[in-house]
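Reminder, nothing fancy here: chain letters follow the sequence lines and each chain counts from 1.
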Amino acid sequence: MTRQEGSTPLLEFRDINTHYGAVHILKDVNLAIYPGELVCLLGGNASGKSTTLKTLLGMVKPTSGEVVLDGEVVNDKPTSYRVERGVTMVPENRRLFKRLSVKENLELGAYLRDDKEGIEADLERIFSMFPRVKERLTQKAGTLSGGEQQMVAMGRALMARPRVLLMDEPSMGLAPALVQTNFELIEQIHQEGIAIFMVEQNANMALSIADRGWVLQTGKVVLDNTAEALLADPDLRRSYLGQAD
Amino acid sequence: MTAAVRAKGAGKTNVDRFLTVLRVVMIGFIAISLVAFIAQQIAPENPFAEWRHGDEGATRLSWAQYRGLLVTGISQGAMYGLIALGYSMVYGVLGFINFAHGEVFMVSAFTGFIVSTKFDAAGWWEGAAFFPAIIITVALCVIVSTSTAVIMERVAYRRLRGSPRLIPLITSIGVSFFIQEAVRLVFGPGAKGYPSNPDWLEERLPWLGIEVKKLVVIIIAAIAMAGLWYFVERTKTGKAMRAVAEDKEIASLMGIDVDKTIVKTFAVGGAMAGVAGILWGILFRSVINTTGFLPGIKAFTAAVVGGVGNLGGAMAGGVSLGGAEALGPLMILEPWGIPGVSQLRDAVAFTVLILVLLVKPTGLFGERLSSEERA
Ligand SMILES: Nc1ncnc2c1ncn2[C@@H]1O[C@H](COP(=O)(O)OP(=O)(O)OP(=O)(O)O)[C@@H](O)[C@H]1O
Ligand SMILES: [Mg+2]
């Protein structure tokens with residue numbers, strides 16, 4: 001599913017600037033995510049990718065510009081407001097609640113919902129997607145293996161019934177074999193109609209499944225194109241991602 | 001310069017050596033005392049006892065004495081445990097020790113005094129009317145202490161969110177003085193007496209010989225703790241609290257309102273201190289503006305003994321501390337022939353604190369701190 005012409009973006013940045021104290025991180029960033037798209041944000045270390053996601057969710061406040069959700073400016077709305085309206089994230093390093101059980105982690109994903117049956121149904125859906133998670137429901141999340149933690153982190157995010165899922169380096173720390181499975185899972189989630197905005201270091205893999213992409217360099221968007229065009233760009237990796245090959 | 005560095009390094013190892021000696025001396029002293037105590041229980045006229053107590057030897061404790069001490073210890077310890085929960089919960093979510101928490105307890109004991117005096121004047125503090133009267137009193141005490149804790153958070157601590165932990169800690173000491181002095185200003189400096197308890201509370205159970213009021217204290221404290229456990233472990237709000245304690249940023253990503261959850265944490269801790277306050281009033285029937293100080297510090301000790309941030313540990317720490325405080329003077333100090341040992345219970349309580357910090361600073365029941373590093 002790709003974007004329909006003329007539809008309003010689900011999430012949008014209009015000339016966003018974000019600072020940490022006096023340090024200027026995001027500089028006049030513009031981007032738009034349409035319903036059902038799979039888009040990715042590339043960039044070297046410390047280029048501001050995680051900050052972009054946190055600003056989208058309101059975990060970090062921009063110093064100027066507008067964050068727009070369904071056409072509404074949400075700069076002053078708390079994170080919960082955005083989560084309720086279908087934006088959620090699988091954070092960098094997964095960040096599960098380590099002292100809570102797997103089940104409690106999943107339930108917290110549905111914290112803002114109160115449709116009991118819907119929550120039960122979504123739990124079942126996640127169990128069928130990740131049978132291993134079901135086996136470990138009562139285990140403390142901190143004792144799971146990296147791959148299992150990734151499944152729970154994705155499950156936790158899906159429990160919010162998102163319309164757009166932000167993913168911060170979902171393949172970080174996974175064994176090479178798992179990275180492939182992980183990308184397949186992301187595509188599977190996308191096929192269910194959930195828009196995906198993925199931050200990745202793994203440019204080739206990410207672009208091979210994405211519709212569009214942006215490249216961020218020291219907080220500025222330096223490339224904004226379709227995935228095919230970006231993949232074909234010979235300078236992409238050398239000039240912007242700071243990778244040698 | 002190198003000399004200075006070396007001197008510093010050498011100093012550190014000396015401190016280490018000193019601490020090791022201190023640990024060995026303290027544990028050795030306790031071990032010898034316990035052996036001497038057991039010896040004098042078996043044979044009061046053993047040489048050690050005669051050396052320390054003179055020719056008539058030591059006295060053996062009767063079973064009834066033990067039981068009395070233990071029940072006293074546990075009932076006080078249960079109150080320490082209730083207060084300790086508040087220290088532990090606030091530490092769990094905000095990472096600082098709220099030293100004004102003892103005042104929340106004192107405010108409840110004061111409320112209990114005011115309400116019970118009113119009921120007594122109306123003739124409700126005895127007979128069948130006592131039951132509705134005490135329920136209303138407990139409810140009012142809990143409401144007042146909960147409000148005190150919540151207002152404290154709103155006025156003093158919320159604006160300090162994100163500042164170094166030492167700042168709210170020092171603020172809490174200021175808040176503590178403020179509340180103590182405010183209460184003294186309003187109610188005067190003297191101790192206030194609760195009305196006499198109904199007779200049945202002052203009696204002892206037929207064959208167990210336990211004082212009814214102490215048993216009541218233990219039972220009510222146990223119910224309150226069980227309620228808290230259920231709340232924290234089994235309800236959605238409790239789950240949110242544990243999530244906030246572990247990772248505020250991700251908790252907010254789940255849609256949890258972190259500020260509200262912190263307020264609820266203060267409220268629940270305040271309610272537990274409120275229960276402890278009215279129990280204290282009924283047990284000791286006296287309250288003064290400094291009533292919160294010693295129990296507060298001891299509850300803090302209990303929280304440290306249990307491992308700060310660990311709720312089960314706080315309860316267990318409270319009961320252990322109460323028991324240690326009641327039995328310690330007789331089992332550790334009395335065998336040395338020290339006179340008037342029962343007045344040394346506070347010393348025993350704080351020795352326990354020092355000992356735990358020396359031997360296992362993370363607490364006896366394991367530590368549960370948040371994922372952020374905590375100083
Ligand atoms: N809370 C914070 N306070 C101060 N500076 C921060 C904070 N979070 C991030 N930064 C800084 O902002 C810059 C961008 O960080 P960000 O996490 O957005 O980078 P990133 O592109 O996600 O990098 P990576 O690929 O390493 O995850 C970095 O220089 C980082 O040190
Ligand atoms: Mg990042």
Measure A:Arg82 against the heavy atoms of chain B and call it side chain, backbone, both or neither at under 4.5 Å. neither
Would you mind telling me which of A:Lys98, A:Arg95, A:Arg99, A:Arg94 makes a salt bridge (charged side-chain N to carboxylate O under 4.0 Å, His left out) with B:Asp247? A:Arg95
Please classify the contact of A:Leu57 with chain B as side chain, backbone, both or neither, using a heavy-atom distance under 4.5 Å. side chain
Determine the interplanar angle of the A:His24 and A:His19 rings, folded into 0 to 90°, and report it as parallel if under 30°, tilted if 30 to 60°, perpendicular if over 60°. parallel
Cation over ring face, A:Arg85 and A:Tyr81, 6.0 Å, 45°: yes
Considering only heavy atoms, which portion of A:Arg113 lies under 4.5 Å from any heavy atom of chain B: side chain, backbone, both, or neither? backbone
Is it the case that atom NZ in A:Lys27 sees more than 12 heavy atoms from other parts of the structure closer than 6.0 Å? yes
Just so I understand: if I count every heavy-atom pair under 4.5 Å between each of A:Met159, A:Met89, A:Glu84 and chain B, which residue has the most? A:Met89
